[in-house]
Amino acid sequence: MTVTVPTLEVERALATRCGAGRRLIVGIDEVGRGALAGPVAVGACALEVLDGAIVPLPAGVRDSKRLSARRREALVDPILDSVHAGAVGWASPAEIDELGIMPALTRAALRALEAIELDGAVDAIVLDGDVDVLSASLAMAERPAPLVHLQVAADRDCASVAAASILAKVARDAHMVELDAQAPHYCWAANKGYGSAAHREAIDLRGVHEHHRRSWRLGSRPAVEQPGPAVVPTAPALAPSMPAVRPEAPAPRGPAVPATTSESIDAGVLWDDQWHPQDGKERR
């Protein structure tokens with residue numbers, strides 16, 4: 001099987017599009033969208049581009065789904081040593097229930113961008129998929145919105161997005177292992193909150209936990225329509241983001257960047273995570 005090696009071509013082209021000089025390009029990717037339990041995590045890796053030159057990312061950086069857990073964990077420190085800044089933002093199960101999965105992903109992405117502490121100095125963002133869920137929120141800030149570049153399979157083809165996918169995957173997997181200690185019968189250390197047979201059987205037998213997404217169809221039994229509003233769990237607050245890595249003073253901004261690009265917003269591809277559609281509807 002041929003494995004695609006991600007490159008920095010897209011990041012370099014975006015920097016060129018934004019103009020000469022120093023540019024900051026951020027790759028973003030999410031993990032946990034299709035899980036039954038636990039938060040969604042969004043990784044962000046900011047690369048500094050100086051007149052087209054970029055510090056290369058470590059050898060072996062790939063879409064996180066193409067790597068073993070051990071390999072992903074071994075790449076985290078080298079990635080953080082290479083990028084200008086890296087962080088992971090979160091949205092909790094309670095937020096997913098309250099907002100829906102897509103707005104929750106947007107919230108987690110904004111938290112990741114905030115955590116890298118570039119204070120509006122980002123020139124462009126590479127987002128996996130073809131649905132722009134960021135430009136509207138970024139445009140609300142009192143600063144020029146960065147260019148948002150959409151690309152299907154960016155986690156496979158773009159090195160910054162592949163690196164972000166690794167940061168998010170390692171952080172979320174570790175979080176699910178921690179949660180497993182609270183409720184080991186759901187086997188979250190093994191299934192990471194996704195809908196394995198053992199996970200659904202445990203839900204059938206024991207009911208749901210505060211870390212489950214209660215507005216989703218859980219367990220193996222057919223969904224039953226519930227009257228009235230969806231139940232919103234009162235899960236403990238989740239730290240919204242990891243600290244930024246090696247934050248530096250914001251760079252002087254160059255010429256204004258065009259507001260946004262949304263080359264295609266019709267299709268439904270977004271952040272190609274380990275997405276396992278549930279039978280029937282995503283949400284009850």
Side-chain angles (χ1 to χ4, degrees), residues 1-12 24-35 38-49 53-90 108-109 111-113 115-117 126-128 151 153-181 187-194 196 238-239 241-248 271-276:
M1 180 177 66
T2 301
V3 177
T4 301
V5 178
T7 71
L8 294 170
E9 292 179 7
V10 169
E11 291 86 342
R12 190 173 287 108
L24 291 175
I25 312 298
V26 180
I28 287 180
D29 197 31
E30 65 84 22
V31 172
R33 179 172 57 158
V40 289
V42 174
C45 282
L47 306 183
E48 184 181 59
V49 186
I54 308 176
V55 174
L57 287 166
V61 167
R62 302 286 187 276
D63 173 8
S64 64
K65 298 186 291 296
R66 303 288 182 183
L67 301 171
S68 68
R70 180 176 297 180
R71 185 61 182 146
R72 287 193 296 265
E73 292 166 1
L75 281 166
V76 168
D77 285 342
I79 287 172
L80 294 177
D81 287 340
S82 301
V83 300
H84 182 72
V88 176
W90 305 84
R111 285 169 174 166
L113 288 170
I116 57 178
E117 296 184 354
V126 185
L127 188 61
D128 187 21
Q151 181 157 329
D155 52 355
R156 180 195 64 192
D157 299 328
C158 302
S160 65
V161 181
S165 76
I166 292 171
L167 297 188
K169 177 65 175 168
V170 171
R172 188 180 185 280
D173 282 1
H175 182 69
M176 294 310 298
V177 170
E178 292 175 359
L179 294 184
D180 180 79
C187 306
W188 289 335
N191 60 49
K192 305 301 186 289
Y194 288 91
S196 69
L238 181 72
S241 62
M242 290 170 55
V245 177
R246 295 200 312 275
E248 298 180 3
W271 290 333
D272 183 23
D273 183 26
Q274 295 167 327
W275 174 237
H276 305 292

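Nothing fancy with the numbering, it's 1 onward along the sequence. Basis for what follows: all heavy atoms, side chains included, without hydrogens, waters or symmetry-related copies. All values derive from a computational prediction rather than experimental measurement.
Judged by distance alone, with hydrogens and angles left aside, the side-chain atoms of R72 form a donor-acceptor pair with the main-chain N or O of S64 at under 3.5 Å. At least one donor-acceptor pair under 3.5 Å links the side chain of D128 to the backbone N or O of A154. The backbone N or O of P39 lies less than 3.5 Å from a partner atom in the side chain of R172, making a donor-acceptor pair. Within the 3.5 Å criterion, the main-chain N or O of L47 finds no donor-acceptor partner in the side chain of E11.
Heavy-atom minimum distance, V26 versus A44: CG1-CB, 4.0 Å. Pairing each heavy atom of A74 with each of P78, the nearest pair is O-CD, 3.2 Å. Taking both residues in full, the closest heavy atoms of S82 and V55 are given as O-CG1, 3.9 Å, listed atom of the first, atom of the second, then distance. Looking at every heavy atom in both residues, V10 comes nearest to Q151 through CG2-OE1, 3.5 Å. Nearest heavy atom pair, residue A112 against residue A87, reads O-CB, 3.9 Å. A pairwise comparison of heavy atoms in V83 and A46 identifies CB-O, 3.5 Å as the closest pair.
If you take CZ on R70 and CG on L75, they are separated by 13.5 Å, rounding to the nearest 0.5 Å. Interatomic distance, CG of D155 versus OG of S160, reported as 10.5 Å (0.5 Å rounding). Here the OH atom belonging to Y194 is positioned 9.5 Å from the CZ atom belonging to R33, to the nearest 0.5 angstrom. Note: D180 CG to K192 NZ = 8.5 Å, rounded to the nearest 0.5 Å. The distance from atom CD1 of I116 to atom NE2 of H84, rounded to the nearest 0.5 Å, is 8.0 Å.
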Would you check, one step at a time, whether the test side-chain contact (heavy atoms from CB on, under 4.5 Å) holds for V42 with R111? CA-CA 8 Å; V42 174; R111 285 169 174 166; over 6 Å; no
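The side-chain contact (heavy atoms from CB on, under 4.5 Å) test applied to T7 returns E9, not counting sequence neighbours. Partners of S165 by side-chain hydrogen bond (donor to acceptor under 3.5 Å, both in side chains), not counting sequence neighbours: none found. Partners of N191 under the side-chain hydrogen bond (donor to acceptor under 3.5 Å, both in side chains) rule, at least two apart in sequence or in another chain, are S196. With sequence neighbours excluded, no residue satisfies side-chain contact (heavy atoms from CB on, under 4.5 Å) with A190. A163 meets the side-chain contact (heavy atoms from CB on, under 4.5 Å) test with C45, L57, V61, I79; sequence neighbours excluded. In this structure, the side-chain contact (heavy atoms from CB on, under 4.5 Å) partners of R156, at least two apart in sequence or on a different chain, are T4, A153.
V5 places a side-chain heavy atom less than 4.5 Å from the side chain of R62. You'll find the side chain of L167 reaches within 4.5 Å of the side chain of L80, heavy atoms only.
Among V126, I28, L127, the single residue meeting the side-chain contact (heavy atoms from CB on, under 4.5 Å) criterion with V161 is V126.
Looking at D29 and K169, no side-chain N of the basic residue comes within less than 4.0 Å of a carboxylate O on the acidic one, giving no salt bridge.
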